[in-house]
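Report on the following structure.
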Amino acid sequence: MSSGEQATGPYALELRGIEKSFGANQVLKGVTLELEPGKVTALLGANGAGKSTLIKILAGVYERSAGEILVDGQPVEITSPLSAAHNGVHTVHQRIDESIVPGLTVAENLLFEELVQGGLPPVGSLRKLLPKARATAATLDLEWSDAKLLSDAFELGIADAQLLVLARALVKAPRVLVLDEPTSTLSQAETERLFELIGRMRDQGVAILYVSHHLSEIQFLADRLVVLRDGLIKDRQSAPLDMAKGVRSMLGEQVAVEVERANHLRGDTVAIQLRGVQLLKRSAPIDLDLNYGEVTGVVGLLGAGKSELARGIFGVDRFHAGTMLLDGQPFRPRRAGDGVRRRIFLVPENRSTEAMLPGWNLARTVTLPFLGRVSPMGLINFRAERKRARSVIADFGVVTTGPDQPVDALSGGNQQKVVVGRWMSGDPRIILMDEPFRGVDIGARHDLSEKARDAASGGACVVVFSSDVEEIREVADRILVMVEGVVTLDSRATEVDADAIMTSMSEVGSR
């Protein structure tokens with residue numbers, strides 16, 4: 001709602017002058033925000049703007065330092081996730097690993113809140129939970145087998161884990177639903193299903209706060225847009241939304257202009273040769289050359305084989321068939337260390353579970369793969385470790401209190417800068433970046449793209465894997481489209497447009 005409009009009734013949720021400080025660092029500086037029943041309000045903001053802090057206050061993870069929260073016009077205290085749920089506020093966090101309990105079954109995780117609160121009668125067999133678990137899964141039309149429901153939730157892939165958490169929140173018929181990057185791991189079909197469900201919930205009067213870095217999603221879904229920068233609301237809009245204005249409010253004029261690509265590279269020396277490589281169990285074999293001195297962008301939907309290609313080259317997984325050459329010589333990595341020794345590095349798809357250890361500080365996270373370089377005589381030289389970390393902080397513009405800050409306390413974009421910076425500091429010959437822009441804002445995406453291009457300019461073979469066409473077009477010199485484990489398009493970035501790329505992404509069974 002614009003500032004000149006009046007609400008016809010109490011807001012579903014209202015924040016008045018919310019402040020939050022961590023020591024001397026004031027993250028939120030007086031945020032006032034209204035969520036209307038039956039409306040989708042999109043929240044846009046760069047990394048470090050305060051989005052995660054605001055979301056955690058709504059979820060009851062953090063307590064506000066000042067300000068007031070009202071639900072249906074009445075002041076409430078949200079001091080824990082249980083009190084948030086009691087007030088009808090349900091949050092689906094971006095960090096899915098924080099919402100799944102390994103060691104419990106998928107069914108128990110679907111019913112976790114009811115089990116913890118004693119909302120279900122005691123059962124002597126897990127199978128007695130299945131009817132209720134099936135009903136919860138059905139909110140997203142998830143037709144999971146009993147075997148899957150009884151399996152350990154730890155075994156779920158990241159997309160299924162995302163769907164589990166979404167279903168658990170949606171079955172509660174929330175008054176207010178906060179969705180933090182809910183499509184970051186979903187396939188196109190799953191995303192469309194979620195959008196349909198959001199539409200139904202909006203029609204039922206649910207107030208939805210939708211947080212995403214995908215501007216097309218915001219444009220499609222949102223009735224209102226608010227932009228957060230430096231702990232303050234900088235822009236408010238009602239549909240139709242002016243996304244260019246929103247981006248300028250989020251980043252500032254200078255950064256928004258700098259996102260334009262300036263040059264393209266072309267590499268002539270082959271780094272990796274794949275011959276007869278089968279990426280998926282039922283996919284056709286492919287031949288592929290990847291070159292030094294350029295950025296190759298590999299784009300495809302979930303399940304296209306992108307991660308299988310990256311992990312196979314790195315050595316953490318094996319190809320189903322085929323051979324690989326490195327600099328013209330047979331290369332058969334059996335484990336990640338084989339790749340690292342040859343200066344082949346992988347920025348994994350899921351940074352929180354595959355690239356960071358909980359509670360580790362920034363310095364230790366940066367030096368983990370290269371301990372030998374800071375450990376003469378087998379003893380860690382902490383001064384050298386911090387020096388390396390400070391170099392990454394400076395080179396990548398990491399917003400942090402210093403090398404000793406826990407890396408999981410950083411914003412998502414800054415965590416990703418640390419992970420990418422760690423590998424870039426190792427002087428890569430080949431660097432594979434799997435979904436490096438997931439959950440990061442446009443400014444951080446631009447920074448990471450420039451670092452990838454700097455590495456390629458210096459002679460490295462850089463391969464970026466993404467499901468987002470615009471991300472790939474921004475960073476890549478050469479673009480490959482993958483569908484079901486095969487390449488459906490291979491073109492210079494200057495010779496192909498977004499329509500051609502998306503057409504190639506739909507060529508299922510054509511090759």
Determine, step by step, whether R318 and R334 satisfy the side-chain contact (heavy atoms from CB on, under 4.5 Å) criterion, reporting the C-alpha distance in whole Å, the side-chain angles of both residues, the deciding distance to 0.1 Å, and the verdict.
CA-CA 8 Å; R318 301 283 299 279; R334 303 290 181 177; 2.8 Å; yes

As a quick check of understanding, evaluate side-chain contact (heavy atoms from CB on, under 4.5 Å) for L309 and L274, giving each step before the final call.
CA-CA 10 Å; L309 176 58; L274 304 180; 3.4 Å; yes

Run the numbers on W423 and M433 for side-chain contact (heavy atoms from CB on, under 4.5 Å), then give the verdict.
CA-CA 10 Å; W423 291 116; M433 305 171 69; over 6 Å; no

Would L225 and L44 count as a side-chain contact (heavy atoms from CB on, under 4.5 Å) if you check the C-alpha gap in whole Å, the side-chain angles of each, and the deciding distance to 0.1 Å?
CA-CA 7 Å; L225 171 67; L44 189 64; 3.9 Å; yes

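Note that the CG atom of L480 and the OG1 atom of T488 stand 9.5 Å from one another [nearest 0.5 Å]. Here the CG-OG1 distance, from L111 to T136, works out to 5.0 Å after rounding to the nearest 0.5 Å. Of the inter-residue distances, the one linking L110 atom CG with I100 atom CD1 reads 8.0 Å to the nearest 0.5 angstrom. If you take CH2 on W360 and OG1 on T367, they are separated by 7.5 Å, rounding to the nearest 0.5 Å. S80 OG to H86 NE2: the interatomic distance, rounded to the nearest 0.5 Å, is 10.5 Å. The CD1 atom of I18 lies 12.0 Å from the OG1 atom of T53; values are rounded to the nearest 0.5 Å.
Shown here for P37 and A12, the closest heavy-atom pair between the two residues is CD-N, 3.8 Å. Closest of all the heavy-atom pairs between L163 and W144 is CB-CZ2, 4.5 Å. Of all the heavy atoms in Y11 and L35, the pair that sits closest is CB-O, 3.6 Å. For the pair T365 and V418, the tightest heavy-atom approach, listed with the atom from each and the gap, is CG2-CG1, 4.2 Å. The two atoms that bring V211 and P182 nearest to each other are O-CD, 3.8 Å, heavy atoms only. Shortest non-hydrogen contact noted between S283 and G485 is CB-CA, 4.0 Å.
In this structure a side-chain-to-backbone donor-acceptor pair under 3.5 Å is present from D152 to G103. For the pair Q415 (side chain) and L410 (backbone), a donor-acceptor distance under 3.5 Å is present. Judged by distance alone, the side chain of K306 and the main-chain N or O of F465 form no donor-acceptor pair under 3.5 Å. Between the Q405 side chain and the L362 main chain, no donor and acceptor come within less than 3.5 Å of each other. No donor-acceptor distance shorter than 3.5 angstrom exists from the side chain of D317 to the backbone of G312, with no hydrogens or angles considered.
Applying the salt bridge (Lys or Arg N to Asp or Glu O under 4.0 Å) test to D468 and every residue at least two apart in sequence or in another chain returns nothing. Partners of V76 by side chain to side chain contact (heavy atoms under 4.5 Å, CB included), not counting sequence neighbours, listed by chain and number: I69, V71, I78, N87. Annotation: salt bridge (Lys or Arg N to Asp or Glu O under 4.0 Å) contacts of D146 (sequence neighbours excluded): R134. For D160, the salt bridge (Lys or Arg N to Asp or Glu O under 4.0 Å) partners are K148, not counting sequence neighbours. Residues satisfying the side chain to side chain contact (heavy atoms under 4.5 Å, CB included) test with E108, not counting sequence neighbours, are L104, T105, L115, L126, L129. With sequence neighbours left out, D180 forms a side chain to side chain donor-acceptor pair (under 3.5 Å) with no residue at all. S65 is linked by a side chain to side chain donor-acceptor pair (under 3.5 Å) to nothing, counting only residues two or more places apart in sequence or in another chain. Remark: F314 pairs with no residue by the ring-ring contact (aromatic ring centres under 6.0 Å, His included) rule, at least two apart or across chains. With sequence neighbours excluded, the residues satisfying side chain to side chain contact (heavy atoms under 4.5 Å, CB included) with D447 are K417. Residues that satisfy the salt bridge (Lys or Arg N to Asp or Glu O under 4.0 Å) test with E68, not counting sequence neighbours, are R16. By the ring-ring contact (aromatic ring centres under 6.0 Å, His included) test, F154 pairs with no residue at all, sequence neighbours left out.
The shortest distance between side-chain heavy atoms of I272 and V463 does not fall below 4.5 Å. Looking at E77 and R64, their side chains come closer than 4.5 Å, going by heavy atoms from C-beta outward. With a 4.5 Å cut-off on side-chain heavy atoms, E471 and V464 do not count as touching. Within the 4.5 Å cutoff, side-chain heavy atoms of E34 are placed close to those of R236. Taking 4.5 Å as the limit, every side-chain heavy atom of L177 sits out of range of all side-chain heavy atoms of I198. Between I313 and L290, some side-chain heavy-atom pair lies under the 4.5 Å cut-off. Counting heavy atoms from C-beta on, the side chains of T183 and Y210 come closer than 4.5 Å. Residues M424 and F396 have side chains in contact (heavy-atom distance under 4.5 Å, counting atoms from C-beta outward).
Taking 4.0 Å as the cut-off between side-chain N and carboxylate O, E308 and K281 do not count as a salt-bridged pair.
Checking each of I55, L166, L43 against L179 for a side-chain contact (heavy atoms from CB on, under 4.5 Å) leaves exactly one that passes, namely L166.
The environment of K20 atom NZ is dense: over 12 non-hydrogen atoms of other residues, nucleotides or ligands sit within 6.0 angstrom.
Every pair passing side chain to side chain donor-acceptor pair (under 3.5 Å) that includes a residue from residues 191-202 is listed here, sequence neighbours excluded: Q188-E192, R202-D223.
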